[in-house]
Amino acid sequence: MAESKRRGASPSESASGSLVIRGGTVVDAGGTRVADVVVSGGVVIEVGAEVAVPPGATVLDAGGCLVAPGLVDLHTHLRQPGAEDAETIETGARAAALGGFTAVVAMPNTDPPVDSAAVALEVLSLGSGAACQVAVAGAITMGRAGERLAPIGELAALGVRLFTDDGAGVQDVSVMRRALEYARGFDVTLAQHCEDDALASGGHMHEGEWSSRLGVPGIPAEAEELMVARDIALVRLTGGRVHFLHISTAGSVALVAAAKAEGLAVTAEVTPHHLSLTHAELAGYDPVFKVNPPLRPETDVCALRAACASGIVDAVATDHAPHAPERKDATLDVAPPGMLGLQTALPVVLGALGAAGFDREHGAGSARNGAGRDRAQVMSVRDVLGLLSWRPARIAGLARDQGGEHGGPIEPGAPANICVIDPAATWEVDPARLASRSRNTPWAGRVMTGQVRHTVFRGEAVVVDAQVQR
Amino acid sequence: MTELSKGGHRHLLSIAELGADGIEEILEVSDAFVEVGRRSIPKVPSLRGRTVVTLFAEQSTRTRLSFETAAKRLSADVLSFSVDTSSVKKGESLRDTVETVAAMGVDAFVVRHTSAGAPAAVARWVDASVVNAGDGWHEHPTQALLDCYTIRQVLAERAGRALEDTGVECFVGLRVAIVGDVRHSRVARSLVLALGALGAEVTLVAPGSLLPPSLEGWPLSKVSYDLDAVLPHVDVCYLLRLQSERGAGAFLPSVREYSAWYGLTSRRAALLGDDALVMHPGPMNRGIEIADDVAALPRSLVLRQVSNGVAVRMAVLFMLLGQGQVGTGGSGPGLLPTLGTVVGG
């Protein structure tokens, strides 16, 4: 929080110029209306039809486009410090801006990990000139080793709102219990990567039909579900708050639904790839499809989509996980898990959740951006954008009424963090042209429907006509 | 045999790519090479000037020797490459290693690797044909092919028919039990696919902890935990090798307990029908999955499997590299009359 306030109080020079986003349809938590948006001094100053263009203002064409609050990614691996060959905060933020994100939460599994104020401050400082806001998540335990608590209070004082040992779950149930109890006093959320190491041990893909056929050690769905169930019990025990990272199975969905029905303080995210790809992608042993949690069977994909539509899932988060090309160019067992996500998230999610009203091509069932989709689960564009913007903004503590500046609504006085989406534009994913330093996208060569045309971050057009400006 | 993008080369990565017709074709071409093997000079010039590399990143004796013998009998130049003597240990990536070897001018890679999918990766990287000689728990296609060849050979002999007149119909309804560590067995995965494609009725027999987590899509007739109950009703009892570390307590209480329940002892072998065959891919753990005296029975085909392995691997290499080459480069069809007709058909 301290970080975002500092930034908000001193907008950069260029941010103070005026912008008019003209001819689009504004979509936010408040509703949908055709309106122009005027931005000046880093804030929205007018939303309405046929606004007067202030002298000297830049006009961004939004004809045929959706004008939405900037997207917020709860789960981004920016790899800095420690693996700058795979990604830096600068390149990752650029990919985020191109994907329509105006804020990302950087995961703490860096080297060194974010388990001290010094590392958190370094990440925040490196992010201060980036193309989007870089919030940082802290580790739950020192060194992410799952044994001793990290300085949660000290990090919370720097504005850190999410804590996670992501990359691994906190295995020791008593450590997780203490963490939840301790965290209660700081109004922070613990985010769990749910994976029981003993059960997942040695697995490289989902355990099931394909792993058995391919002779690859598998990770059963239960490795995730056991920890989801355990942490729900701990939330009940401690009165704490848990956000479940990247849930991937029908069983996890059912557990989260039951916990919510009980009134427990849990939230859950899913990734674009778990909404769109199945374990059958591994048939050719291509390590680009190796990810953790692993790609699951179609029944799980359908359950996740239904959970998005029903509101059980609170957010879509990318789990953007860059890996240097040579590390992914190996056999399946040796290659590290993870795939890029920031630049493809929006079209993939629109395709998978079938935002009704503009995406007829996907409605026809061919599903260019992903696996086949059940027409019964079609969501409105606004609900899909909610999963990508205002709902994750709240989980990250970045919403306006939390002292943040993301997630809208787009109204006079609001910080100008906006993305302009052309839902009909098609583009082919060329790994070499992605802003990320890495190339490990599962969508190479695929044609996406839906593109971020412009991104406005703190009043500055950081992406114009799908080209990054910063 | 599939064709993958790079250079349009043909590969043998999985039995799944062959189908019944593909398997039958390989078995028929193998017949010709079995005949070659009986000659006083068992060598043909089919792959003269071609280079075959055996890239073995896992301990193996018989498979490597079998492939190298096959390649040499086809007059190919053979390069032998193993992890122990290579720069892989110095941190060179598999890709760099493979590309370096490929740059020396290689027509085929025969790949054995501890990682499932390694041959598929090699096929993506190099401009050459790739033969999977066993990858992790995934597949060992030439083992399954030589096993099918051996079964067909024995059934033809018993029926008093010439091999040329024996197609693959003999597999239809053939009752085969595959016994042992199916979970960790590349041999089992290839053999189930091959036998399934040919119409055999395959039963898996194993303790639950050594079965794959899912058998969805496997062409099986049944799965059993009871070897004694299965043995009287099979035509072939195929025993898998039990790696000793499986008996360390994680998958099995002990090797001894495995042997007591799933070993083919003399007592159990007596449950087999008179004509039933016993097979094992080798190397055998005598006294564990197979009793010493059972291995020595006439019904045991273990050594015949090994000897057919060379001919079947000659057929595979020939079909990947030799087609279109017979009759060119000085090796006229006259030198290889049997293959001239088989390959032409």
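A note on names: the letters A, B, ... follow the listed sequences, proteins ahead of strands, and every chain is numbered from 1. It should be emphasised that the depicted structure is a prediction, and the values quoted were computed from it without experimental measurement. Atoms considered below: every heavy atom in the structure, side chains included; atoms not considered: hydrogens, waters and symmetry mates.
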## Note on the structure
Scored by heavy-atom pairs under 4.5 Å with chain A, the best of B:Gly217, B:Ser14, B:Pro212, B:Pro213 is B:Pro213

### Query
With no hydrogens and no angle check, is any side-chain donor or acceptor of B:Arg183 less than 3.5 Å from a backbone partner on A:Ser212?
no

### Query
For the residue pair A:Gly284 and B:Ala120, what are the closest heavy atoms and their distance?
O-CB, 4.4 Å

### Summary
When the 4.5 angstrom heavy-atom criterion is applied to A:Asp333 and chain B, the contacting part is side chain

### Task
Would you mind telling me which of A:Gly208, A:Pro217, A:Ser211, A:Pro287 has the largest number of heavy-atom pairs within less than 4.5 Å of chain B?
A:Pro217

### Summary
Greatest number of non-hydrogen atom pairs under 4.5 angstrom with chain A, of B:Ser185, B:Ala116, B:Gly136, B:Ala121, falls to B:Ala116

### Query
Roughly how far apart are B:Ser115 OG and A:Tyr285 OH, rounded to 0.5 Å?
10.5 Å

### Message
Measuring from atom CZ of B:Arg95 to atom OG1 of A:Thr331, what distance do you get when rounded to the nearest 0.5 angstrom?
### Response
13.0 Å

### Task
Go through the atoms of A:Glu207 and report whether side chain, backbone, both or neither lie under 4.5 Å from a heavy atom of chain B.
side chain

### Task
Among A:Asp329, A:Leu282, A:Val216, A:Val334, single out the residue with the greatest number of heavy-atom pairs under 4.5 Å to chain B.
A:Asp329

### Task
Please check if atom CZ in A:Arg327 has more than 12 non-hydrogen atoms from other residues, nucleotides or ligands closer than 6.0 Å.
no

### Query
Taking C-beta and beyond as the side chain, do B:Trp137 and A:Leu214 meet within less than 4.5 Å on heavy atoms?
no

### Task
Could you look at A:Pro220 and say if it's the side chain, the backbone, both or neither that has a heavy atom under 4.5 Å from chain B?
neither

### Task
Mind listing the closest non-hydrogen atom pair of A:Arg213 and B:Glu216 along with its distance?
NH2-O, 3.5 Å

